[in-house]
Amino acid sequence: MNLNDLNREQRLAAETLEGPLLVLAGAGSGKTRALTYRVANLLEHGVPPWAIMAITFTNKAAAEMRERLAQLVGTRSRGMWVSTFHSMCVRMLRADAERLGFTENFTIYDTDDLKRLYKDIMAELNIDPKRFPVNQLMNRISQAKNDLVTPGNFDAHDPVGKVAERVYERLQERLRAANAFDFDDLLLYGYLLLKNHADVREAYQDRFRYLMVDEYQDTNRAQYAITQLLAAKNRNIMVVGDDDQSIYSWRGADLRNILEFESDYPEAKVVKLEQNYRSVGNILAAANAVIANNQHRKEKRLFTSMGDG
């Protein structure tokens with residue numbers, strides 16, 4: 001690893017090893033490069049691999065990050081957790097599922113399994129699927145789980161919400177009886193495990209002293225809360241993202257998570273990656289002109305050394 005391979009801002013991010021760090025990374029600005037070099041630099045400074053956790057959003061992105069880290073640091077990359085939020089929660093739940101009334105060999109329902117269970121519950125509760133379509137109820141309950149709303153706190157006043165509340169309560173009973181989680185439960189119960197069991201929480205805080213979260217602009221409330229709990233003790237958290245590339249609000253992503261990072265961590269250092277390596281100047285000029293109209297954003301302006309094109 002040679003930090004001279006990085007541009008000035010990428011290097012600044014890679015050399016900031018302690019405390020909260022917000023990296024605002026424009027499109028094509030080499031954010032994964034900055035993140036992986038920072039991991040390598042932590043190892044160079046004596047941080048053991050098992051004390052590092054890197055979280056990203058998709059299995060593909062996690063696999064790419066693992067591959068890049070293996071190229072940079074070799075077999076040492078195997079000792080760290082590099083995974084998606086959901087995979088991370090599965091590992092935590094496998095270790096401590098009994099704390100939540102499940103056993104470690106729980107199953108995870110896919111969408112088809114879950115839809116069959118919903119239809120079964122709706123028939124049992126005499127809910128008309130024409131008036132209350134199953135997908136509508138599934139979406140409403142999924143949103144509740146991602147907002148960390150448990151069945152007893154589901155305070156709805158509209159007709160769909162009231163029906164969803166009944167279904168949600170029965171759904172969780174049936175899932176528990178089957179020793180099963182749905183996909184959203186992985187985050188919800190992962191959060192509840194850390195929140196309500198201090199010994200488990202502290203064990204992970206003591207182990208993962210350095211936390212890195214990619215695509216932070218796309219975190220939902222559950223993912224944000226899990227991150228906060230894991231980082232609370234050491235505050236060595238690096239988040240990487242771009243408030244101009246938030247596209248998942250329809251599935252609960254909350255742009256405030258990245259915009260308010262400095263409120264959560266007033267001592268945070270902020271690094272902006274604005275040099276684009278993917279596009280020519282005319283494309284970036286057009287992109288900058290469009291993006292400037294976004295109402296809620298951090299100021300940054302992409303540039304390139306490639307000429308206008």
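Predicted, not measured: the structure shown is a model, and the values here were computed from it.
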Engineer: Just wondering, are more than 12 heavy atoms of other shown residues or ligands nearer than 6.0 Å to CZ in Arg78?
Structural biologist: no
Engineer: Check whether any side-chain N or O of Glu267 sits under 3.5 Å from a backbone N or O of Gly19 as a donor-acceptor pair, and report yes or no.
Structural biologist: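 Here the side-chain-to-backbone pair does not exist.
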Engineer: Quick one, Pro133 and Met138 - any side-chain contact, counting heavy atoms below 4.5 Å?
Structural biologist: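 Not in contact.
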Engineer: With heavy-atom distances below 4.5 Å as the criterion, would you say the side chains of Lys233 and Arg209 are in contact?
Structural biologist: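 They are not in side-chain contact.
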Engineer: Do Trp50 and Leu17 sit in one hydrophobic cluster, given that two such residues count as connected whenever their side-chain heavy atoms are within less than 4.5 Å of each other, even indirectly?
Structural biologist: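 Trp50 does not cluster with Leu17.
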Engineer: Hey, could you give me the CZ/CG distance between Arg166 and Asn126, rounded to the nearest 0.5 Å?
Structural biologist: 8.0 Å
Engineer: Do the side chain of Arg38 and the main chain of Ala14 share a donor and acceptor less than 3.5 angstrom apart?
Structural biologist: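 Not a single qualifying donor-acceptor pair exists.
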Engineer: Do side-chain atoms of Asp147 reach the backbone of Val149 as a donor and acceptor pair under 3.5 angstrom?
Structural biologist: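 Side chain of Asp147 to backbone of Val149, a donor-acceptor pair under 3.5 Å: no, none is there.
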Engineer: For the residue pair Tyr265 and Phe261, categorise the inter-ring angle as parallel (less than 30°), tilted (30 to 60°) or perpendicular (more than 60°).
Structural biologist: tilted
Engineer: About how many Å separate CZ of Arg235 and CG of Asp264, when rounded to the nearest 0.5 Å?
Structural biologist: 8.5 Å
Engineer: Can you check whether Leu6 reaches Tyr37 side chain to side chain, under 4.5 Å on heavy atoms?
Structural biologist: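 A side-chain contact under 4.5 Å exists here.
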Engineer: Between atom OG1 of Thr111 and atom OH of Tyr118, what is the distance when rounded to the nearest 0.5 Å?
Structural biologist: 11.0 Å
Engineer: If you look at every heavy atom in Ala13 and Ala34, which pair is closest and at what distance?
Structural biologist: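 Taking every non-hydrogen atom into account, CB-CB, 4.5 Å.
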Engineer: Would you sort out whether Asp158 and Arg140 count as a salt bridge (charged side-chain N to carboxylate O under 4.0 Å, His left out), showing the intermediate values?
Structural biologist: CA-CA 12 Å; Asp158 60 300; Arg140 187 70 177 263; 2.9 Å; yes
Engineer: Would you say that Lys145 contacts Leu171 through its side chain, given a criterion of any heavy-atom pair below 4.5 Å between the two side chains?
Structural biologist: yes
Engineer: Kindly give the heavy-atom pair with the smallest separation between Ala164 and Ile141, and that separation in Å.
Structural biologist: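 Smallest heavy-atom distance, with atoms named: O-CD1, 3.6 Å.
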Engineer: Is the shortest side-chain heavy-atom distance between Leu175 and Asp185 below 4.5 Å?
Structural biologist: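 Counting from C-beta outward, Leu175 and Asp185 do come under 4.5 Å.
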Engineer: Enter the distance from Ile237:CD1 to Met53:CE here, rounded to the nearest 0.5 Å.
Structural biologist: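 Answer for the CD1-CE pair, Ile237 versus Met53, is 11.0 Å.
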Engineer: Using side chain to side chain contact (heavy atoms under 4.5 Å, CB included) as the criterion, point out the one residue from Asn41, Leu42, Leu43 that pairs with His45.
Structural biologist: Asn41
Engineer: Describe, in one word, how the ring planes of Tyr168 and Phe154 are oriented to each other, choosing from parallel (under 30°), tilted (30 to 60°) and perpendicular (over 60°).
Structural biologist: perpendicular
Engineer: Any donor-acceptor pair under 3.5 Å linking the side-chain atoms of Gln223 with those of Asn146?
Structural biologist: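 Absent: no donor and acceptor within the cut-off.
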Engineer: Any side-chain donor paired with an acceptor under 3.5 Å for Gln143 and Asn139?
Structural biologist: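 Short answer, no.
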Engineer: If we only count heavy atoms from C-beta on, is the Asp113 to Asp110 side-chain gap below 4.5 Å?
Structural biologist: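 Yes. Closest side-chain heavy atoms under 4.5 Å.
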Engineer: Of all the heavy-atom pairs spanning Ala61 and Thr56, show the shortest one and how long it is.
Structural biologist: CB-OG1, 3.6 Å
Engineer: What distance separates Tyr191 OH from Thr227 OG1, expressed to the nearest 0.5 Å?
Structural biologist: 12.0 Å
Engineer: With a sphere of 6.0 Å drawn around CD of Glu67, does it hold more than 12 non-hydrogen atoms of other residues, nucleotides or ligands?
Structural biologist: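 Result for CD/Glu67: open.
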Engineer: Contact between Ile55 and Thr84 at the side-chain level, heavy atoms closer than 4.5 Å - yes or no?
Structural biologist: no
Engineer: Quick check: does any side chain N or O of Arg33 sit under 3.5 Å from a backbone N or O of Asp5, one acting as donor and the other as acceptor?
Structural biologist: yes
Engineer: Working to the nearest 0.5 angstrom, can you tell me the gap between Ser142 OG and Asp182 CG?
Structural biologist: 7.5 Å
Engineer: Going through the distances and angles, do Thr32 and Leu35 end up as a side-chain contact (heavy atoms from CB on, under 4.5 Å)?
Structural biologist: CA-CA 5 Å; Thr32 306; Leu35 194 152; 5.6 Å; no
Engineer: Has the side chain of Arg66 got a donor or acceptor atom that lies under 3.5 Å from a matching backbone atom of Val82?
Structural biologist: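 Yes.
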Engineer: Before you tell me yes or no, could you show the steps for Leu137 and Val134 under side-chain contact (heavy atoms from CB on, under 4.5 Å), namely the whole-Å CA-CA distance, both residues' side-chain angles and the distance that decides it to 0.1 Å?
Structural biologist: CA-CA 5 Å; Leu137 295 174; Val134 63; 5.7 Å; no
Engineer: Pair Tyr204, Trp81 - check side-chain contact (heavy atoms from CB on, under 4.5 Å), show working.
Structural biologist: CA-CA 12 Å; Tyr204 284 114; Trp81 281 22; 4.1 Å; yes
Engineer: Is there a side-chain contact between Phe132 and Val160 in this structure, where contact means two heavy atoms from C-beta onward sitting under 4.5 Å apart?
Structural biologist: yes
Engineer: Tell me if the centroids of the rings in Phe57 and Phe85 come within less than 6.0 Å of each other.
Structural biologist: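 For Phe57 and Phe85, the ring centres are under 6.0 Å apart.
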Engineer: If only atom types and distance count, is the side chain of Ser77 paired as donor or acceptor with the main-chain N or O of Val73 below 3.5 Å?
Structural biologist: no
Engineer: For a side-chain contact (heavy atoms from CB on, under 4.5 Å) check, start with the C-alpha distance between Arg11 and Asn4, then their side-chain angles and the critical distance, and finish with the verdict.
Structural biologist: CA-CA 8 Å; Arg11 181 164 182 160; Asn4 291 326; 2.5 Å; yes
Engineer: Where the side chain of Asn220 meets the backbone of Ala222, is there a donor-acceptor pair that is under 3.5 Å apart?
Structural biologist: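 Flag set: sc Asn220 to bb Ala222 pair under 3.5 Å.
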Engineer: Are Lys31 and Glu215 within salt-bridge range, i.e. N to O under 4.0 Å?
Structural biologist: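 Salt bridge between Lys31 and Glu215, a charged N being under 4.0 Å from a carboxylate O: yes.
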Engineer: Between the main-chain N or O of Thr36 and the side-chain N or O of Arg68, is there a donor-acceptor pair closer than 3.5 Å?
Structural biologist: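 Checked: no pair found.
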Engineer: For Leu93 and Gly190, which heavy atoms make the closest approach, and how far apart are they?
Structural biologist: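 Smallest interatomic distance, heavy atoms only, reads CD2-N, 4.1 Å.
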Engineer: With no hydrogens and no angle check, is any side-chain donor or acceptor of Gln10 less than 3.5 Å from a backbone partner on Asn7?
Structural biologist: yes
Engineer: Give every donor-acceptor pair under 3.5 Å between a side-chain atom in residues 94-107 and any protein atom, sequence neighbours left out.
Structural biologist:
| unit_1 | atom_1 | unit_2 | atom_2 | d |
| --- | --- | --- | --- | --- |
| Arg94 | NH1 | Glu104 | O | 2.7 |
| Arg94 | NH1 | Phe106 | O | 2.8 |
| Arg94 | NH2 | Phe106 | O | 3.3 |
| Arg99 | NH1 | His197 | ND1 | 3.4 |
| Arg99 | NH1 | Asp199 | OD1 | 3.2 |
| Arg99 | NH1 | Asp199 | OD2 | 3.4 |
| Arg99 | NH2 | Asp199 | OD2 | 2.6 |
| Thr103 | OG1 | Asn105 | OD1 | 2.5 |
| Thr103 | OG1 | Asn179 | ND2 | 2.6 |
| Asn105 | OD1 | Asn179 | ND2 | 3.4 |

Engineer: Checking Glu18 against Tyr210: is there a side-chain donor and acceptor pair closer than 3.5 Å?
Structural biologist: yes
Engineer: Write down the atom of Ile52, the atom of Met80, and the distance for their closest heavy-atom approach.
Structural biologist: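 Answer, listing the atom of Ile52 first, then Met80: O-CB, 3.4 Å.
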Engineer: Kindly give the heavy-atom pair with the smallest separation between Met92 and Leu193, and that separation in Å.
Structural biologist: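 Distance-wise, the nearest heavy atoms are O-CD2, 3.8 Å.
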